[in-house]
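In what follows, a single structure is set out as structure tokens and then discussed.
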Number of protein chains: 2
Amino acid sequence: MNLPPLIQSFVLHFGEMGSRWGINRTVGQIYALLYVSPEPLCADEIVEALGISRSNVSMSLRELQTWNLVVLKHLPNDRRDFFTTPDDVWQILRTLAEERKKREVDPTLSVLREILMQQPGSDTERFAQTRMAEMHGLIEQLTNWYEDVKKLETERLANLLSLGSKITRLLETKDRIVSLGRRKAPARAASRPEGGEDGG
Amino acid sequence: MNLPPLIQSFVLHFGEMGSRWGINRTVGQIYALLYVSPEPLCADEIVEALGISRSNVSMSLRELQTWNLVVLKHLPNDRRDFFTTPDDVWQILRTLAEERKKREVDPTLSVLREILMQQPGSDTERFAQTRMAEMHGLIEQLTNWYEDVKKLETERLANLLSLGSKITRLLETKDRIVSLGRRKAPARAASRPEGGEDGG
DNA sequence: CAGTTATTTCAGAAATTACTGAAATTTCAG
DNA sequence: CTGAAATTTCAGTAATTTCTGAAATAACTG
């Protein structure tokens with residue numbers, strides 16, 4: 001491997017991280033390298049930089065393309081393929097989320113749904129189904145939230161993030177306003193398992 | 001493998017999913033099995049159910065314990081160890097998030113910080129650093145949000161989720177109110193990197 | 001203490017995954 | 001068309017990961 005030390009640390013780290021995800025080491029390294037390169041790189045430059053075989057680079061780039069994590073560029077009068085990563089980190093995040101959802105979450109949801117449709121043949125199975133239903137419910141809530149939030153423009157999303165849980169204070173305010181509007185009902189008094197009024 | 005069909009599907013699916021994460025197949029299967037079992041299971045029951053070696057079960061349970069994803073139980077007059085999963089799915093989610101952060105996000109942040117401290121030795125390195133700074137910034141925003149939100153009680157969190165991006169409408173309302181309060185300025189016109197006020 | 005049961009460790013076998021080099025394919029120029 | 005350059009494919013090998021059986025350790029009983 002033949003890289004400026006500071007870049008090498010980054011590339012190596014991503015290689016290790018890659019293997020901790022489903023991604024393999026080489027794929028992680030190539031991604032990292034492209035991410036920090038000022039110009040698009042061609043396959044042979046990657047071979048040179050990382051010291052791996054040409055065919056490995058070819059396969060790994062293909063893998064990255066199926067993840068939509070790299071984009072192919074062409075230079076005039078050069079028929080080699082050059083590669084970069086999208087440069088907006090928020091966009092990268094979105095892509096990553098989308099792909100992981102597609103590969104991990106959606107199949108799980110569909111397996112769960114399928115199982116939940118079936119008739120349990122015993123108490124054990126019946127119990128299992130209730131557990132799976134809980135899991136299904138949680139995942140569905142999360143994906144609904146995700147589907148909803150991913151539509152936001154980056155600026156708004158960033159804003160939302162930076163509010164963090166402060167948002168709940170706002171919600172309380174809203175609740176108050178709404179129940180003021182309603183006037184009649186004692187609003188929050190009714191059956192709430194959770195006792196602690198924490199009214200600011 | 002010796003399981004009711006409906007449970008077997010679930011267990012097999014989690015096995016496959018496991019290998020797609022860093023977790024391996026057996027670990028995934030054991031987790032799934034414990035998750036849907038009405039009673040805690042001992043190691044030999046797992047051996048029996050999944051048809052794997054006793055030693056593999058022992059190692060995999062240890063792995064699950066380091067993730068805090070299983071809990072050990074003891075029955076009276078029985079010195080074997082029994083295992084279950086926590087049964088609140090929200091709690092499981094929190095644990096998972098926490099562990100993955102610890103293993104994946106935190107080390108990445110620290111590598112990035114370290115690299116960003118160093119003096120770049122060339123333009124290439126300088127450019128790489130700016131890219132890494134972008135990534136670092138994004139990750140930091142996300143983890144700040146996470147640290148903030150994870151403190152919420154489940155009920156509140158679920159509430160927040162179910163609002164999804166509707167929340168932004170509320171934010172707009174708030175903006176309007178706030179700028180009404182201020183009266184003078186055209187409010188949003190000026191370049192504001194971050195909304196300083198949060199009402200409260 | 002010896003004997004019994006439960007659990008862990010670990011060297012090596014088995015299985016899986018990643019990588020390479022050589023050959024095949026594609027793409028383009030003349 | 002031929003030939004050169006770029007890329008891909010793939011069979012075989014290398015490396016890594018997972019899993020097992022046997023042995024070691026630990027925890028308890030009487």
Side-chain angles (χ1 to χ4, degrees), chain A residues 1-2 11-12 14-34 39-67 70-84 103, chain B residues 1-2 11-12 14-34 39-67 70-84 103:
Chain A
M1 188 174 297
N2 175 21
V11 165
L12 290 178
F14 263 70
E16 280 171 36
M17 269 342 204
S19 22
R20 196 168 292 192
W21 291 35
I23 312 279
N24 78 37
R25 187 158 38 93
T26 307
V27 173
Q29 291 184 352
I30 293 181
Y31 181 79
L33 177 62
L34 294 177
E39 303 297 334
L41 302 181
C42 72
D44 283 319
E45 290 168 323
I46 298 171
V47 167
E48 165 67 12
L50 302 181
I52 58 183
S53 76
R54 183 54 236 270
S55 51
N56 194 4
V57 169
S58 176
M59 291 188 302
S60 302
L61 283 171
R62 171 170 292 264
E63 169 86 0
L64 283 168
Q65 279 175 293
T66 71
W67 280 84
V70 300
V71 289
L72 197 151
K73 298 249 165 174
H74 280 113
L75 303 184
N77 302 329
D78 193 332
R79 62 195 176 85
R80 288 174 297 174
D81 294 337
F82 287 79
F83 297 86
T84 358
R103 290 157 198 244
Chain B
M1 188 174 295
N2 177 20
V11 165
L12 289 177
F14 263 70
E16 281 171 36
M17 269 345 206
S19 21
R20 198 169 290 191
W21 291 33
I23 312 280
N24 79 36
R25 188 156 39 92
T26 307
V27 173
Q29 291 183 353
I30 292 181
Y31 180 79
L33 177 63
L34 294 177
E39 302 298 334
L41 302 181
C42 72
D44 283 319
E45 290 168 323
I46 298 172
V47 167
E48 165 67 13
L50 302 181
I52 57 183
S53 75
R54 183 55 235 271
S55 51
N56 194 3
V57 170
S58 175
M59 291 188 301
S60 301
L61 283 171
R62 170 170 294 265
E63 168 86 1
L64 283 169
Q65 278 174 292
T66 70
W67 280 84
V70 300
V71 290
L72 196 151
K73 299 249 165 176
H74 279 113
L75 303 184
N77 301 329
D78 193 332
R79 59 194 175 88
R80 288 173 299 173
D81 294 338
F82 287 78
F83 298 87
T84 357
R103 290 157 198 243

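Letters A, B, ... are given to chains in the order of the sequence lines, protein chains preceding strands, and every chain is numbered from 1. Computed from heavy atoms alone, side chains included, the values below leave out hydrogens, waters and symmetry copies.
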Tell me which residues in residues 19-27 of chain A put a heavy atom below 4.0 Å from DNA chain C, sorted by number, or none.
A:Asn24, A:Arg25, A:Thr26

Is it the case that the side chain of A:Ser19 and the backbone of A:Gly15 share a donor-acceptor pair, with hydrogens and angles ignored and the cut-off at 3.5 Å?
yes

Under 3.5 Å, is there a donor-acceptor pair between the side chain of A:Arg80 and the main chain of A:Leu75?
no

Please give, in whole Å, the distance from [N] [atom2] to [X] [atom1]?
X       : N      : atom1 : atom2 : answer
A:Glu16 : C:dA18 : CD    : C1'   : 16 Å
B:Phe82 : C:dT5  : CZ    : C1'   : 13 Å
B:Asn56 : C:dT7  : CG    : C1'   : 14 Å
A:Ile52 : C:dG21 : CD1   : P     : 12 Å
A:Ile30 : C:dC19 : CD1   : P     : 9 Å
B:Arg79 : C:dT4  : CZ    : C1'   : 7 Å

Side-chain heavy atoms of [X] within contact of [Y], under 4.5 Å:
X        : Y       : answer
B:Gln29  : B:Met1  : yes
A:Arg25  : A:Glu16 : no
A:Thr26  : A:Val57 : no
B:Glu45  : B:Phe82 : yes
B:Arg103 : B:Thr66 : yes
B:Leu61  : B:Phe83 : yes

Any strand: nucleotide that pairs with D:dT2 via Watson-Crick or wobble, under 3.5 Å
C:dA29

How would you give the extent of chain B contacts on DNA chain D, as first and last nucleotide 5' to 3' within a 4.0 Å heavy-atom cut-off?
D:dT18 to D:dC28

How far does OG of B:Ser60 sit from CD1 of B:Ile46, to the nearest 0.5 angstrom?
9.0 Å

Quick one: label B:Asp44 by what it contacts on the DNA or RNA (base, sugar-phosphate, nothing), any heavy atom closer than 4.0 Å.
nothing

For B:Arg80, answer base if it contacts any base atom (sugar-phosphate contacts may also be present), sugar-phosphate if it contacts only those atoms, and nothing otherwise; contact means non-hydrogen atoms under 4.0 Å.
sugar-phosphate

Considering the options B:Phe14, B:Trp67, B:Tyr31, which one meets the side chain to side chain contact (heavy atoms under 4.5 Å, CB included) requirement together with B:Ile23?
B:Trp67

Shortest non-hydrogen contact from B:Leu72 to B:His74?
CD2-CE1, 3.2 Å

Taking DNA chain D as the partner, which of residues 58-67 of chain A come within under 4.0 angstrom of it by heavy atom?
A:Ser58, A:Arg62

Establish, with yes or no, whether the OP1 or OP2 oxygen of C:dG21 is under 4.0 angstrom from a side-chain nitrogen or oxygen of A:Arg54.
no

